[in-house]
Every structure is written in C-alpha cells, then in structure tokens.
Q: 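Below you will find the structure I want to go over with you.
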2 protein chains.
Amino acid sequence: MTTRPIDVGAAVRRAAVTYPDVQESGPVGGPDGRQEVTVARVTLQTIADKVGVSRMTVSNAFSRPDQLSAELRETILATAAELGYVGPDPAARQLARGSSGTVGVLFTQSPAAAFRDPIAAEFFASVAESLAPTGLALSLLPAAADGDRLAARDVPMDAALVYACVADTHAMHWLERRGLPLVFVDQDPTTDRAATVLLDDRPGAAAAAQHVLDLGHRRVALLTTAWGLPPGVAPDPATAGVGHVSRERVEGWMSVLRPAGADVVAVHMSDNLEEDALEAARVALTLPERPTAVLCFSDLVAWAVVRVARELGLSVPGDVSVVGYDDSALSRTVTPTLTTVRQDLVAKGRATARAIERAIAAQRPGAPTGEPDHVLVPTRLVVRESTGPAPAR
Amino acid sequence: MTTRPIDVGAAVRRAAVTYPDVQESGPVGGPDGRQEVTVARVTLQTIADKVGVSRMTVSNAFSRPDQLSAELRETILATAAELGYVGPDPAARQLARGSSGTVGVLFTQSPAAAFRDPIAAEFFASVAESLAPTGLALSLLPAAADGDRLAARDVPMDAALVYACVADTHAMHWLERRGLPLVFVDQDPTTDRAATVLLDDRPGAAAAAQHVLDLGHRRVALLTTAWGLPPGVAPDPATAGVGHVSRERVEGWMSVLRPAGADVVAVHMSDNLEEDALEAARVALTLPERPTAVLCFSDLVAWAVVRVARELGLSVPGDVSVVGYDDSALSRTVTPTLTTVRQDLVAKGRATARAIERAIAAQRPGAPTGEPDHVLVPTRLVVRESTGPAPAR
DNA sequence: TCTCCTATCTGTACCGGTCCAGATCCGTGG
DNA sequence: CCACGGATCTGGACCGGTACAGATAGGAGA
C-alpha cells in the first residue's frame, strides 16, 4: 500500500454547506403544503428581492452561514421556506464551484457486470464503502449508448475510476481527453498521469503453481481468459493470457512451471462466464493426455472444472486437482471447497478510494503536484479441499 | 407489467450531440501532444475568436451540426482540436439544458450493500442493463456523509430510484423536496406523485405456505426480518413483519396458514444477514415444540436454517422442510437445493428502468401529465429439494 | 425582375449560482 | 478624538454553455 494519510476533510469543509434541518423546513410546495404547480422558478434572486438584501447574502445564508448575522440568516431561511425554495441548484453550483461531488466508474463490460461479477461487486462495494464518508457519489457510466449521449463525455465528475476495461474505447478516450484525474484498477494505465491499483498477481499465481508441483503434479492445464477469442488450446502457454490480469496470472504460473519442466497446456476461454468455463473445462479434461492439475483464472472457472470432472467420472482431488483464483464466496460454499489465490478485495477497494481522493486533491489548484498513487495489492494462496497429491501413474 | 412503450429515443435525439470521432481528434494537450500546463481555459469563445465566428456557431458545431455548413464546421472542429478544446463543458451544459443525464440511486443500507446483497445486486444489474441504451448514468448516492456534502441534495440528477430504504431519512426528504421524479422499489412510496415497482409478494408467500400445508406440515415457523429489533419469538405471527417487504410476505404466509388452522410461530431477526439468520434459526429449531416446516424471508436465511438443522442432527427435508425466498443463485448451489419463491429480478429491473424513463419524460415541459407507473412484479413458487412430507409423529 | 423560402449565421438573454474585492458600520485602543 | 480591525453586506464579473428570435444572402418560382 503506497497511500499516505490525506486530509479530505479540509476539502469537504471548504465546500461546506449548512442548511437548516430538513425536518424543520416545512412541507414541500408551499407554506401550507399545497402542491403548487411550479410558477416562475424560485431562485436566490427571488428571495433576495423579497427580503430586501443582495442575492449574494442569500447565497451566503445557505452556503456560508458565518458570513452573515444569525438573525438575518433566519429571516432569509424562513422566507426561502415560505417561497418553497429548496436550496441552491446543484447544477448551477457545480458550474460555479467547478466541482461535482461525483466519481465516474467505467467498466467496459457494461455497468451491469459490476453487479453480477462477484469479484467486481465486492470490489465496488468496498470502494463505495470507503468513499461514502466523503459524500462522493459513484456514477456508473454506460460505456456506449444507442443515442448520442455518451456518459463518459457528458457527465460532470471530479475523477473517474477505470476498472478492467478495454482501453481502446470511445469512453476511455473521452475520460482521458477531459483531463480528469483517473485511477486505473486491474488494468494497464493508458496515461502516466493516472494512478493505478494493481493486484500483485504473479507471486500469487506462482504460489499456486508451486503448490501443485509440491503435490507431485507434472502435467498441468491453465485455464485462461482470452476475451473474445474462440475457446480452445492456446498455441503457446507462456503467452496465453489476454488482457492485463490474465497475462499476469499466466506469467506467474509459468514462472514456476517452466523452470520445473512441467508439461503445460493452456486452454483459452472467451469470457469469464459459466458457459465458457464449462466448455473450456471439457476441452482441458478430455485432452489426450489428461492433466492432473488445473490452474484456473477464477473460482468460477475452477468450479466449472470440478463439475465437468464429476460428469466425466473423475474425482477431485483424487484424479484432478483444481486451483481457483480470487477466493470468492463460491470457493467456500461448493464441495469440495476450492484451493484458491486470495486477493483482499476490501483492501483493494479501500486503496482505490484513497487513490481517488488523493487524485482529486492533487487536481485542486495550488495542490502540491505529487506523483499519482501506484498501489500493489497482495495475494496469497489458500489451500482447501480441491487439491491433493498427484495420482500414481 | 403496466408499462407502455415509450419513445425515449426522441428525447435523446433532441439532446443529440455529434462530435468528431475521438480517434481523429489528435492527441490531448496541444497541437503536438505536449502536455500543456493549463493556460487560461479554452472555451467556446476562445475558438469563436480564433475562427472569427460567433460563439453560438461554435456551440452549434458541436451540439447541432445541422445548423451550419459542413465546411465551417470542419474549420471549427479543426481549430478546436488545435487549441486542445475537448468539447462543451458538461457542468455548463447541464445548467443551460436543465438536464443531467444521471439517475440517482438511494439505498439506505449504504451503497455498498447494493453490491453485496445478491438480490439487490442482480436487481441493479438489470436496471443498469436496461438503462444503458439511453446513456443515462446511475449515480449511487451515499445516504449520509461525515462532511457537509449530501449527495441526495447536491448531485444533479434527472430522476431518482429509491430502493428498499428507510423512508424517514434526510436523504429521502431531500429527494422529495427537490421535486425530482421518483421511482420507489420494494417500498411504500412517501409521495403520490412517485412511481412504484413492487413485488407481488403475497401470492408467492401464500403459495409457499400452501406447499408445506399440502405436504402435511401443521407446525410452521416464520423467519422474518425486523430491521433493528432484537431477535426472538414475535408476539404475534400475523404482524411479525417489519418493513414493507417483510410485512407483505408474512401476510401472504398467514393468509393461508391461519384459515388452515396451522400452528404458527414467528421468529424475528434483526437483519437479513448470515449471523442474524443463524441465530434466528437456532431459536426456531430449538423451540419446545419444534416446527416441521420453516418459511424464510430469504434464501440466505433458509440456508442458515439448513445448516443449523444439520448441526442439531436434523435432516432436511426429512425432519424439517425449509422454504427460502427470492430464488437467488444460492438456492441452486447449496445442498439440498432450496424450495423457494422466485421473483424475476430481470423483469423487475427492466420495469424499473422503464418507470424511470417515463418519469423523466413526463417531467419535461409540455409532456402529457399521466399517472406515474405502478408495476407489480409477479412471483411464483419453485419446488426443489429442501421440502418434503411432514415427518410422521 | 420581384417575391418568398431556406440555409446560415449572429445577438441577446438567460441557466442559477459563487468568488472576490470593496463599502459600511461600530466598537476599541491609543 | 481618530485611526484601525472585524463583522456584515453589496456589486460586478464570471462559470461555460444553450435557446430563440432575428438578420442576411443566394436560389427557386412566378
């Protein structure tokens, strides 16, 4: 973790807004709760005119209470409530203040995947949790739209989080062009002024590979994602990974397997989805020389391997050892429980939130121009039931 | 589903923005890619001056290409690229246009829970998916903040989705006061001008109850959530539900159990969490007269009951039948697989997205003021392995 | 040749705030 | 009695666009 403590509080305080307690402000719509049909919009000026002060003073009544006397403030707030004024317009304030209180989130595989992929979901949960105290909202940006609206270009934000995206996207390019502070997670940054949060995948993958070697396995299959590529055996195990994460994991595995002279075969699958995984598992387990250990890109894939093994009458770990990745909930609920490489998603989310806060702080004029954060999140092997000694030949 | 087709496309087209393809626009920062330290900001006016046209024409070059000749537009775009102008400022545009392209999401149990609770996650995934084509971004609003920033009050949005929230919250009040179009999901609306998407829980729960009755069970436990209340046996099964969803389910169960004269006991748990569920399950299964069937608020709870039953040496469904709720992934992955009440989360998400689109459309000036949507999402019983005939006494 | 229409631009008036540099007024210390 | 500092309040400029009602000019139709 390379993060240093940072006083976000100061930024927040600066933007401080003190409103009267909402409960006391009376009903919506008018003095006696009638649902008035919006007549000419109520603005600061409306209230200023009614009270007989300048517009600025009304603004201060809401945004900088220390700038005017308590009584006058009371009068202004009362009049505002009376006129049904709900407080400074967020859009106008954004423009004037130059800050939006929003962090964009780009995730190429559609924002929906951020909820459906358990690993992504847990990560974002942690980010959301860590960011909540700052009051920043997380804005999930659809990467593309049928219409002409493009969120990455059109939504105001103070910074953006880019998670496991295809880099060469319109949305990505726009985020860059806008000059927003960016934090790349699980992905190579496309610009050097961006912060990064990366998983320390190689040692984790290496540990997994060492584990099966220690158990006596010599014929090992790698199940890797090759986003979009057709499933099948990869020509060269050493370069079978496609995409940052996949590549790192393959390199970690190979860093141990190659020197040990293990017999390695890599099987591609198109996406980290159940269907793809089952298909790839079938390919791997029906190879002429069946591997006795399978190292998988994810727990989801590992579970698919377990099920296919069963289908084929193979026992896990009796005939085949299986290692997952991520240590998702799945790895603990299925039978057998999965040996896997754990990544601390909570720490990763927290580190990301910090990186975002710091990136925003650094953006502010007059801020010391430090280097952007580069965080490496540790991984470690967790041995459970799905791995065992290689079967005697 | 009460939704009617709606032409969101029209709205999007109206707000159409046609930019030159980002790939062609040259590098960021300046004509030759240098990372220029922001000199006086480049605005429409800068370009207008340089090209020698009015600012409005430059605006049109970006936002309404049909309003000027192709050549002039080319010139303008070229000059813009040269000056490093990245396109109209989103915040300014928002203010001028009066629309933000963002939908707020309020979820009292912290935005993190939107990712962690599998049911919520799947629901939001579906909402995000259905909303993606419109280009609207989903903004997750932290309900409270330590600082003075309050997203529900300060983030510009075109509408807000309120999901299973505690109604009496500052955040909620602000959404109302702002007069935003609101869509309430799984929750009683607090205002009559809001749309609602509710689960048709009673028939589903009733079916679950009927199912165990049909299997001969006469002593039935209900495991309900009573947000925040201490765990334990509820004084009156009929009113054991706390919160909209919980209440509906209890009423559904009771609508069948009461007339049948079943012996019903309700056990409260504080929250829909694993720990609470295990505790409640222990209470239920160690009652002096042990129930032979347990109807649960969720699959998570049902699974907890299954595990506690095992701990106590009881077989499921031999000694105890267990019925879950929601038909989450869990209900299919655990052993035994769970009998449960299915809710179609994808349909629910889709209906919500529609309701949001329609609410936004209705908001636009001149739109026909129709009634807000009120959608009821169907439920149905799915019988699996966790229920069986009542044990002979 | 004259009129009218359409395609292109331009000007002005907002959109609804915030920032910052004064201007006032008042009590206080010298 | 007067300069001075702090607490209040005000004015104008600015944030960066968009909407809409003209103004202008070139070409079609009569």
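Chain letters run A, B, ... following the sequence lines, proteins first, then strands; residues in each count from 1. The basis for the numbers below is simple: all heavy atoms, side chains too, and nothing from hydrogens, waters or symmetry mates.
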Q: Mind calculating the distance between CE (Met56(A)) and P (dG17(C)) to the nearest angstrom?
A: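 Going from Met56(A) (CE) to dG17(C) (P), I get 11 Å.
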Q: Can you identify which nucleotide, out of dG17(D), dG17(C), dC19(C), has its nearest atom closest to the Thr43(B) side chain?
A: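 Nearest listed nucleotide: dG17(D).
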Q: Would you indicate what Leu68(B) reaches in the nucleic acid, counting non-hydrogen atoms under 4.0 angstrom: base, sugar-phosphate, or nothing?
A: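 Sugar-phosphate, backbone atoms only, no base.
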Q: Verify whether one side chain among Glu176(A) and Thr190(A) offers a donor that lies under 3.5 Å from an acceptor in the other.
A: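 Present: a donor and an acceptor within the cut-off.
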Q: Less than 4.5 Å apart, side chain to side chain, heavy atoms only: is that true for Leu175(A) and Met157(A)?
A: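 Answer yes - side chains close enough.
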Q: Want to settle it: does Ala92(B) or Gly52(B) sit nearer the 5' end of DNA chain C, counting the closest nucleotide to each?
A: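 Nearer the 5' end of the strand: Gly52(B).
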Q: Do side-chain atoms of Arg55(A) reach the backbone of Leu44(A) as a donor and acceptor pair under 3.5 angstrom?
A: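 A pair under 3.5 Å: no.
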Q: If you pin Arg55(A) and Asn60(A) to their nearest nucleotides in DNA chain D, which one's is more 5'?
A: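 Looking at the nearest nucleotide for each, Asn60(A) comes out on the 5' side.
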Q: Quick check against the 3.5 Å criterion: does Asp158(B) have a side-chain atom that pairs as donor or acceptor with the backbone of Gly101(B)?
A: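 Flag set: sc Asp158(B) to bb Gly101(B) pair under 3.5 Å.
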Q: Which is more 5' along DNA chain D, the nucleotide nearest Gln67(A) or the one nearest Ser59(B)? Just name the residue.
A: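 Looking at the nearest nucleotide for each, Gln67(A) comes out on the 5' side.
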Q: Using only atom types and a distance under 3.5 Å, with no angle test, would you say the side chain of Thr79(A) pairs donor to acceptor with the backbone of Thr75(A)?
A: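 Here the side-chain-to-backbone pair exists.
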Q: Rounded to whole angstroms, how far apart are CZ on Arg41(A) and C1' on dC14(C)?
A: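 Taking CZ of Arg41(A) and C1' of dC14(C), I get 14 Å after rounding.
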Q: Strictly distance-based, threshold 3.5 Å: is any side-chain N or O of Arg177(B) a donor or acceptor partner for the main-chain N or O of Val86(A)?
A: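 Flag not set: sc Arg177(B) to bb Val86(A) has no pair under 3.5 Å.
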Q: Nearest to the side chain of Ala96(A) - dT18(C), dT18(D), dC9(D)?
A: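 Closest of the options to the side chain of Ala96(A): dT18(C).
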Q: Between the axis at one end of the helix from dT1(C)-dA30(D) to dG30(C)-dC1(D) and the axis at the other (five pairs apiece), what's the angle to 10 degrees?
A: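 It works out to 40° between the end axes.
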Q: Specify the separation, in whole Å, of atom CZ of Phe62(A) and atom C1' of dT18(C).
A: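 In whole Å, dT18(C) C1' lies 15 Å from Phe62(A) CZ.
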Q: Return the value, rounded to whole Å, for the distance between atom CD of Gln45(A) and atom P of dG11(D).
A: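 Atom CD in Gln45(A) sits about 10 Å away from atom P in dG11(D).
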Q: Please report, rounded to the nearest Å, how far the P atom of dG17(C) is from the CG atom of Asp154(B).
A: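 Going from Asp154(B) (CG) to dG17(C) (P), I get 13 Å.
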Q: Which whole-number value in Å describes the distance from Arg93(A) CZ to dG16(D) C1'?
A: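 So the two atoms are 18 Å apart, to the nearest Å.
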Q: We want to know whether Arg64(A) and Ser59(A) form a side-chain donor-acceptor pair, criterion being a heavy-atom distance below 3.5 angstrom.
A: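 There is no such pair between these side chains.
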Q: Where the side chain of Arg64(A) is concerned, which of dC9(C), dT10(D), dC19(C) is the nearest nucleotide?
A: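 Shortest atom-to-atom distance from the side chain points to dC19(C).
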Q: At less than 4.0 Å, is any side-chain N or O atom of Ser69(A) found next to OP1 or OP2 of dC9(D)? Yes or no.
A: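 Indeed, a polar side-chain atom of Ser69(A) lies that close.
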Q: Which of these nucleotides, dT18(D), dG11(C), dT18(C), is closest to any side-chain atom of Ser54(B)?
A: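 Of the candidates, dG11(C) comes closest.
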Q: Check whether any side-chain N or O of Thr57(B) sits under 4.0 Å from OP1 or OP2 of dT8(C), and answer yes or no.
A: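 Answer no for this pair, as no side-chain N or O of Thr57(B) is under 4.0 Å from OP1 or OP2.
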Q: For the backbone of Asn60(A) and the side chain of Ser63(A), can you confirm whether one donor and one acceptor N or O come within less than 3.5 Å of each other?
A: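 Pair absent, no side-chain N/O of Ser63(A) close to backbone of Asn60(A).
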Q: Between Ser63(B) and dT18(D), is there a side-chain N or O to OP1/OP2 distance below 4.0 Å?
A: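 So the side-chain polar atoms of Ser63(B) do come within 4.0 Å of the phosphate oxygens OP1 or OP2 of dT18(D), strictly under.
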Q: In whole Å, I'd like the distance from the CG atom of Leu95(B) to the P atom of dA19(D).
A: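 After rounding, the gap between these two atoms is 12 Å.
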Q: Let me know the distance between CG of Leu44(B) and P of dC14(D), rounded to the nearest Å.
A: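 Taking CG of Leu44(B) and P of dC14(D), I get 17 Å after rounding.
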Q: Counting only side-chain nitrogens and oxygens, does Arg97(A) get under 4.0 Å of the OP1 or OP2 atom of dC15(D)?
A: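 No.
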